[in-house]
2 protein chains.
Amino acid sequence: MSEAPPDPATIRMRGFTQRAPVEAVWDWLAEQVTPLGPETVPVARAHGRILAQELRAPEPVPPFRRAAMDGYALHGEETVGASAYNPLPFRLLGEAFPGSPFPGSVPKGSCVRIMTGAPVPEGADAVLPAEHAQESGNRVEVSDTVPSRKHVGPVGEDIEEGEVLLREGHRLRPQDVGLIASLGRDQAAVVGRPRVRIVVTGNELAGPGTERAPAQIFDANTDMLKGLLARDGGVLEAAHRVGDDAEAIRERLTADGADVVIVTGGSSVGAEDHAPALLAECGELAFHGVAMRPSAPTGIGRLGAAPVFLLPGNPVSCLAGHELFAGRAVRLCAGRDPDFPNASIRVPLTRKIVSALGRLDYCRVRLGSEGAEPLAVSGASILSSTTRADGFVLVPPDSEGFPPGTEVTVRLYEPAWSPEDPA
Amino acid sequence: MSEAPPDPATIRMRGFTQRAPVEAVWDWLAEQVTPLGPETVPVARAHGRILAQELRAPEPVPPFRRAAMDGYALHGEETVGASAYNPLPFRLLGEAFPGSPFPGSVPKGSCVRIMTGAPVPEGADAVLPAEHAQESGNRVEVSDTVPSRKHVGPVGEDIEEGEVLLREGHRLRPQDVGLIASLGRDQAAVVGRPRVRIVVTGNELAGPGTERAPAQIFDANTDMLKGLLARDGGVLEAAHRVGDDAEAIRERLTADGADVVIVTGGSSVGAEDHAPALLAECGELAFHGVAMRPSAPTGIGRLGAAPVFLLPGNPVSCLAGHELFAGRAVRLCAGRDPDFPNASIRVPLTRKIVSALGRLDYCRVRLGSEGAEPLAVSGASILSSTTRADGFVLVPPDSEGFPPGTEVTVRLYEPAWSPEDPA
């Protein structure tokens, strides 16, 4: 458990007296946040979801011997000696199509025309490919040998009855969804999707698409966060934009219905920074101030079972705070791997990164043919520093930075998908 | 342009006489398939979409000088000499909050209490951090120096007026969406999403969730393809499941409303393989038979402007055919990079891969601590070969395979997101 954070009332306008290490916050999240319970969804909507229970095969797939080629089902041993110079005659009894099997069995000296996917009729044990046979009337001349079992998929070739096919906790890829469907299931039990509430605060914020007052700026965080939370497996519960009004924030913060709450703006120690005191009063403010840059004035706590994140209003801080903390909680609730979802590459730095001991730096970089170039930025409000960037490098607290040429891990910024239920 | 493919009627039950190289199909797709026209969507739904036109800044961001710290706005040069031993007095005129600026200007000897994000009042040119000041009544004792311009974000600090912020064709990441919102836009012009029709054919197929007849198997392809096409930026137009009935297939194939059509099953040269002849008759069958394994009996062509893909019904072939061809067309229509969307890694092979000269092999591999292990499989119908796999390796047509220890590119299978509009 964490040490008690400083009382937010005592640090107003005074700065943080201590900042929690990022790892301490991660440990707390790992203890506090657990996957949601299972829910049943149509299999076609299970893509990307986390399987809530092990999947076993209720029957073998295929449930019958299946032709793997178009051709003729027959007794393979009877084709021994057949060639273009010595074609062997077989009596053609009928046809077997996928879904429409030949109703009888195949005695010696006979064959059945068969299509890929059709059940191989009783008696036959091989499929001679069509190009090695010449059909005329009810007679087939066979011009090649085919050994027993050739081009016949056995029962359970794909999946044996009772086999464990997918483990609990597995994230479903398209072929996994296909596999569930191939067992005849049209539903899947998956970990629920956390309902995420966004509460963007600040008198200075105007909604995109509205007129802004001269001292206002447009809110970038709501729309950015919608994509991030969808990427992390969450679903938007509600998005609110409120002024720096403690009662309005309290109402949005404490309403039921969210599994994760993200508040942006007013997270620091200024006179209008209401959120930390409100969270401490209504729930638990486990951390206030984190040893990182940007996003140091971040608060983390909970209200009932829901983890709550108080992120700075500056868009870059908000992005970093989501990537490091809020997104992690969404992924934990969704049953996913909590670690960064970004793909990563190892490349050399083209210029040095300077960092301070004792804090984690979230450093935006641009990729070029020579490696990763740190983007020089003067403040956390520079959203274009992230839109010019291809990814970020984390400088750990025990490092003063990296000289040019150091090979570093770049976590790549990637597109999120369109959220399903935007507000 | 491609050579004329063989008449499907003449190759029925005879096998393919020629198979097109995969690269020839890719070249044809690159010539034939162009991005859809633009559409306007709410900015919160633009995540992952392709920007249809360059984005320029209509005004600077921020549009005013902005405080970067909580503290006191004042004339920086007036703090020269201030220290804890020599605090300098300033007259406190009022407050500036984000969205609620101080209405006047700041004459010499005065200061204004200011919060991060608030407009810096006229006259003031620096913000003294709160911790270096002691307030009492309308008097502030300043105990540190702050140079001019310190902690003041200038007009256009983030974005200059007229600056090109995002290029046409850029795929929008969360911070890009935030950037668009920060300009006050609540809509974005993006490349349209291709409407993809899935037509799954075969008498042998039963729908998941239904009872299957003894000779039937359950359809895995519909639900698998829904995830794949959503991953590639498409939206489902319709999903049909029909028997091996030429007229029923013709009706589904030729109906208006799809930008891309995927037909699975009946793509080869058997008596029940109607799709190639139908496509040749109603549109253009540009390729029939591709030099690859699995998925060799694939057809590619068009109906009007819509590219049409005839994929084998075996789920692994269907998956490979989508990854190599149909998905590529969906991505081209969606304005995306047509190449494989999978993340990739370079690792050594733990066992050899054997391939035939002249064809491309799509080889499923599992990753372990030693590298990539090729999964031994006996047929294209083995869907579990892909669910046990972590990715695939492509063996090019000019290679007979790779010995153990060869470093290969593994393209990773990754989850698709839940499609937005499942049928």
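Chain naming here is simple, since letters A, B, ... match the order of the sequence lines and numbering starts at 1 in each. This one's a predicted model, so the numbers in the text were calculated from it and none came from an experiment. FYI, side chains are in, hydrogens and waters are out, and symmetry mates aren't considered; it's all heavy atoms of this structure.
At a 4.5 Å heavy-atom cutoff, the contact between B/Pro214 and chain A is made by backbone atoms alone. For chain A, no part of B/Glu323 is nearby; none of its heavy atoms comes within less than 4.5 Å. Contact of B/Ala118 with chain A is not made at all, since no heavy-atom distance falls under 4.5 Å. Heavy atoms closer than 4.5 Å to chain A are found in both the backbone and the side chain of B/Tyr413. Interface remark: A/Ala206 contributes no atoms to any contact with chain B (heavy atom separation under 4.5 Å). Using a 4.5 Å cut-off between heavy atoms, B/Leu183 touches chain A through its backbone atoms (N, CA, C, O) alone.
Comparing B/Pro62, B/Pro208, B/Ala220 by heavy-atom pairs within less than 4.5 Å of chain A, the highest count is held by B/Pro208. Across B/Ala343, B/Pro297, B/Gly313, B/Ala181, the residue that shares the most heavy-atom pairs under 4.5 angstrom with chain A is B/Ala181. The candidate from A/Val177, A/Leu205, A/Leu179 with the greatest count of non-hydrogen atom pairs under 4.5 Å with chain B is A/Leu179. Ranked by heavy-atom pairs under 4.5 Å with chain B, the list A/Glu59, A/Glu95, A/His322 is led by A/Glu59. Most heavy-atom pairs under 4.5 Å with chain A, from the set B/Gly202, B/Cys318, B/Gly265, B/Gly209: that is B/Gly209. Per-residue counts of heavy-atom pairs under 4.5 Å with chain B were compared for A/Met69, A/Glu204, A/His170; the largest is that of A/Glu204.
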Report task. Take B/Arg364 and B/Thr386, measure what side-chain hydrogen bond (donor to acceptor under 3.5 Å, both in side chains) needs, and give me the verdict at the end. Result -> CA-CA 6 Å; B/Arg364 283 80 76 200; B/Thr386 64; over 6 Å; no

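The closest side-chain heavy-atom distance from A/Pro63 to B/Ile217 is below 4.5 Å.
Under the salt bridge (charged side-chain N to carboxylate O under 4.0 Å, His left out) criterion, A/Arg167 pairs with no residue, sequence neighbours left out.
Of all non-hydrogen atoms in B/Ser182 and B/Val61, the two that sit nearest each other are O-CG2, 4.2 Å. The two atoms that bring B/Gly99 and A/Gln216 nearest to each other are CA-CG, 4.5 Å, heavy atoms only.
Sorted by first and then second residue, the salt bridge (charged side-chain N to carboxylate O under 4.0 Å, His left out) pairs with a member in residues 174-186 of chain B read B/Arg173-B/Asp176; sequence neighbours excluded.
Comment: B/Asp232 does not engage B/Arg336 in a salt bridge, judged by the lack of any side-chain N to carboxylate O separation of less than 4.0 angstrom.
A donor and an acceptor atom, one from each side chain of A/Asn203 and B/Ser100, are nowhere located under 3.5 Å apart.
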